[in-house]
Colleague: 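My questions will all concern the structure given below.
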Amino acid sequence: MSSKRYNNIKLGIGIFKSVTSFLLILAFVYFHFSLRFEYFLQKYIANSYVVFIVFVLLVGFASIILYSPLNYIKGFYLEHKYNLSNQTFG
């Protein structure tokens, strides 16, 4: 019973992350935030390749910060709650 609940929780978190990622990317493109962000970067960086790299790094960093609570729950909290791991947080 508990393994079924564990798998359902992990699946639910994965689906939630996928749906929210899709909606955020859709909003990012639909409301032209990506173009505004690109133009903002082009004011300070002349090389378009460097603009692309900085763009990808900043969006990736924002994604890491946004999803870190879910990653903690999925990768650390649930594993310890169901006694599947004995590793410390560090």
Colleague: Could you pull out every donor-acceptor pair under 3.5 Å between side chains of residues 48-68 and any protein atom, sequence neighbours left out?
Modeller:
unit_1 : atom_1 : unit_2 : atom_2 : d
Y67    : OH     : T20    : OG1    : 3.0
Y67    : OH     : S21    : N      : 3.1
Y67    : OH     : S21    : OG     : 3.0
S68    : OG     : I65    : O      : 3.1

Colleague: Could you check L78 against I13 for side chain to side chain contact (heavy atoms under 4.5 Å, CB included), going step by step and ending with a plain yes or no?
Modeller: CA-CA 11 Å; L78 282 178; I13 290 172; 4.2 Å; yes

Colleague: For the OH atom on Y77, are there more than 12 heavy atoms of other groups (residues, nucleotides or ligands in this structure) within a distance under 6.0 Å?
Modeller: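 No.
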
Colleague: Between I9 and K74, is there a side-chain heavy-atom distance shorter than 4.5 Å?
Modeller: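 Side chain of K74 against side chain of I9, heavy atoms only: no contact under 4.5 Å found.
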
Colleague: With side chains defined as the heavy atoms from C-beta onward, is the minimum distance between L11 and N7 less than 4.5 Å?
Modeller: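 Sidechains of N7 and L11: no contact.
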
Colleague: Taking the ring of F37 and the ring of F33, is the distance between their centroids below 6.0 Å?
Modeller: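 No: the rings miss the under 6.0 Å criterion.
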
Colleague: Compare every heavy atom of E79 with every heavy atom of K10, then report the nearest pair and how far apart it is.
Modeller: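 Result for this residue pair: NZ-OE2, 3.3 Å.
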
Colleague: What's in the same ILVMFWY side-chain cluster as L35, cut-off under 4.5 Å, chained through other members?
Modeller: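 L35 clusters with Y39.
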
Colleague: Please enumerate all residues that pass side-chain hydrogen bond (donor to acceptor under 3.5 Å, both in side chains) together with Q42, with sequence neighbours excluded.
Modeller: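 Scan of Q42 (side-chain hydrogen bond (donor to acceptor under 3.5 Å, both in side chains), adjacent residues dropped) gives E38.
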
Colleague: Same cluster or not: are L26 and V19 linked, directly or through other Ile, Leu, Val, Met, Phe, Trp or Tyr residues, by side-chain heavy atoms under 4.5 angstrom apart?
Modeller: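 Yes, one cluster joins them.
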
Colleague: Applying the 4.5 Å side-chain criterion to the ILVMFWY set and letting contacts propagate, would Y82 and Y72 be lumped into a single cluster?
Modeller: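 Result: yes, single cluster for both.
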
Colleague: Linking I/L/V/M/F/W/Y whenever any side-chain heavy atoms sit under 4.5 Å apart, do I15 and L23 land together?
Modeller: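 Looking at the clustering, L23 is in the same group as I15.
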
